[in-house]
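The structure appears below as structure tokens.
Each chain gets a letter, A, B and so on, in the order its sequence line appears, and its residues count up from 1. Just the heavy atoms: all of them, side chains too, but no hydrogens, waters or symmetry mates, feed the values below.
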Amino acid sequence: MPGRRIRRLRRSELPIDTTELARYLIGKTLVRELDGARMTGRIVETEAYVIGDAAGHAFRGRTQRNEVLFWERGHAYVYFIYGVHYMLNVSSETPGIGAGVLLRALEPFEGIELMQRNRGTTALRELARGPGRLAYALRVDPSLNGVDLCAAGPLWLGAEMHPVGRIGKSTRIGLTLEAHRVLRFYERGNVFVSGSKRLNQ
DNA sequence: AGTGCGATTGACT
DNA sequence: GTCAATCGCACTA
């Protein structure tokens with residue numbers, strides 16, 4: 001299958017700050033390896049869940065569920081929401097500090113047929129537009145919770161494959177707590193970004 | 001032990 | 001635009 005070489009990001013390259021990391025990840029590549037096949041996409045939308053953020057899962061302290069948010073930056077935190085969907089986050093601070101970046105949308109790059117099969121649709125725009133859809137497209141599930149995204153394995157982060165456009169920001173989507181905070185980042189004008197037109201200006 | 005509700009999505013009026 | 005789906009977590013008692 002498509003064997004285009006993608007340089008894996010080193011942990012030392014990841015900013016040690018949740019908001020900085022959320023911005024940094026726009027345009028980077030997410031690589032999913034599964035059964036000898038590979039799916040990749042450009043990260044085009046993220047949200048930061050920062051230190052002391054009441055909307056973040058780490059806010060009430062370390063538990064079995066949110067454990068990975070307290071790991072060194074660059075680990076996958078996968079959780080289940082609404083009894084229906086999985087969401088993929090990247091831990092984002094130093095060990096012992098709980099915070100993360102939610103990956104909200106990808107621009108599909110390689111392995112598109114496989115993503116289409118996983119999603120049960122051929123509509124390219126809809127494959128990974130939104131955090132739940134992203135997880136379905138790449139078959140992200142709790143077995144990937146805790147995976148080191150800076151190491152070879154089933155899921156990792158790669159350098160950008162294409163130039164990155166202007167980065168926009170807005171309030172985060174779907175929150176009641178801390179709803180005013182401007183912690184969502186996205187590539188402007190990219191049709192694979194979720195959210196309303198208002199939020200994407 | 002019981003309860004309320006969520007970092008969403010897809011189907012439907 | 002509205003709404004149900006469906007489960008585990010965290011909080012109350």
Show each protein N/O and nucleotides 11-13 of chain C N/O combination with a separation under 3.5 Å, one pair to a line.
from, atom 1, to, atom 2, distance (Å)
C:dC11, OP1, A:Arg60, NE, 3.4
C:dC11, OP1, A:Arg60, NH1, 3.3

Discussion item. Could you work out, with side chain to side chain donor-acceptor pair (under 3.5 Å) as the rule, every residue matching A:Arg188, not counting sequence neighbours?
Written reply: none
Holding to side chain to side chain contact (heavy atoms under 4.5 Å, CB included), I want the full list of residues that pass it with [X], two or more places apart in sequence or in another chain.
X        : value
A:Ser91  : A:His75
A:Ala135 : A:Tyr86, A:Val140
A:Glu20  : A:Pro15, A:Asp17, A:Arg23

Item to complete: Sugar-phosphate means primed atoms, P, OP1 and OP2; the rest is base. With that split, encode nucleotides 2-10 of chain B 5' to 3' as B, S or - using protein heavy atoms under 4.0 Å.
Response: ----BBBSS
Worksheet item: Reading DNA chain C 5' to 3', what string of ( ), [ ], | and . shows its pairs, if Watson-Crick and G-U wobble pairs count only when both distances fall under 3.5 Å?
Response: |||||.||||||.
Worksheet item: Quick one, which residues of residues 24-31 of chain A touch DNA chain B with a heavy atom under 4.0 Å?
Response: none
Clusters formed by hydrophobic residues whose side-chain heavy atoms approach within less than 4.5 Å: which one holds [X], and what are its other members?
X        : value
A:Ile16  : none
A:Ile51  : A:Ile97
A:Leu175 : A:Tyr49, A:Val68, A:Leu69, A:Phe70, A:Trp71, A:Tyr77, A:Tyr79, A:Ile81, A:Tyr82, A:Val84, A:Met87, A:Leu102, A:Tyr136

Discussion item. Could you tell me if A:Ser194 and A:Arg104 have a donor-acceptor pair between their side chains, going purely by distance under 3.5 Å?
Written reply: yes
Which pairs would a plain distance check flag for residues 152-164 of chain A, meaning a side-chain donor or acceptor within less than 3.5 Å of a matching protein atom at least two apart in sequence or in another chain?
from, atom 1, to, atom 2, distance (Å)
A:Trp156, NE1, A:Glu33, OE2, 2.8
A:Glu160, OE1, A:Lys28, NZ, 3.0

Worksheet item: Can A:Glu47 and A:Ile173 be said to form a side-chain contact (heavy atoms from CB on, under 4.5 Å), step by step?
Response: CA-CA 9 Å; A:Glu47 283 178 358; A:Ile173 293 177; 3.7 Å; yes
